[in-house]
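Here is the structure we will look at.
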Amino acid sequence: MTASVPHRTTSAYFLQAVASFAFATVALALGIAYLPVSAWMRAFLAVGLLYEITSAFTLAKVIRDRQEEGAITSRVDQARLEKLLSEHDPFKVDGI
């Protein structure tokens with residue numbers, strides 16, 4: 001009775017998202033590397049870049065976990081409702 005959850009995105013969309021993220025990260029890293037500033041400023045900006053990347057991954061994970069939690073709760077409620085409806089007999093008369 002284990003139903004697999006269908007994928008909502010296509011492989012092409014996933015590949016585009018990964019490529020876009022990689023391009024943006026590399027472009028920003030190269031921009032920081034070639035800035036005409038001191039090494040300390042470049043290091044500070046590089047740490048900021050890494051912090052931004054890890055924060056983005058954390059936010060995406062939290063949003064995904066919250067969405068999955070809602071989907072599981074919805075499926076449990078749906079299963080309970082289906083069980084109640086299957087056990088209900090509308091033609092049954094009590095007391096006779």
Side-chain angles (χ1 to χ4, degrees):
M1 188 163 157
T2 304
S4 63
V5 178
H7 294 288
R8 294 186 181 134
T9 59
T10 62
S11 297
Y13 180 76
F14 178 76
L15 181 62
Q16 180 183 4
V18 170
S20 174
F21 176 77
F23 179 75
T25 303
V26 168
L28 189 54
L30 286 173
I32 290 171
Y34 286 106
L35 275 176
V37 294
S38 68
W40 283 104
M41 287 184 166
R42 278 195 295 270
F44 176 77
L45 291 173
V47 169
L49 171 63
L50 292 176
Y51 179 67
E52 185 66 30
I53 290 171
T54 57
S55 296
F57 277 110
T58 302
L59 177 63
K61 183 186 179 314
V62 167
I63 291 171
R64 183 200 64 202
D65 290 348
R66 183 172 282 184
Q67 181 185 12
E68 286 179 353
E69 180 181 305
I72 289 171
T73 303
S74 175
R75 284 189 290 193
V76 168
D77 289 342
Q78 182 67 28
R80 286 180 182 158
L81 178 63
E82 287 177 4
K83 181 180 179 207
L84 284 172
L85 289 174
S86 68
E87 293 173 351
H88 177 69
D89 183 8
F91 299 110
K92 180 180 177 185
V93 178
D94 292 332
I96 294 180

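Just so we're clear, the structure is a prediction, and the values are computed from it rather than from any experiment. Residues: numbered from 1 along the sequence shown.
L30 CG to L35 CG: the interatomic distance, rounded to the nearest 0.5 Å, is 11.0 Å. Atom OG1 of T25 sits about 10.0 Å away from atom CD of E52, to the nearest 0.5 Å. Taking CD1 from I32 and CG from L49, the interatomic distance works out to 5.0 Å, rounded to the nearest 0.5 Å. The distance from atom CZ of R66 to atom NZ of K61, rounded to the nearest 0.5 Å, is 12.5 Å.
Contact of the F57 side chain with the T54 side chain is not registered, since no non-hydrogen atoms from C-beta on lie closer than 4.5 Å.
L50 and L45 are members of different hydrophobic clusters when ILVMFWY side chains are connected at heavy-atom separations under 4.5 Å.
Other residues, nucleotides and ligands contribute only 12 or fewer heavy atoms inside 6.0 Å of the CZ atom of R80.
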Assess the residue pair F44 and V47 against the criterion (side-chain contact (heavy atoms from CB on, under 4.5 Å)); give the C-alpha distance rounded to whole Å, side-chain angles, the decisive distance to 0.1 Å, and a yes or no. CA-CA 5 Å; F44 176 77; V47 169; 5.8 Å; no

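Although no hydrogens or angles enter the test, the distance criterion places no donor-acceptor pair under 3.5 Å between the side chain of S20 and the main chain of Q16.
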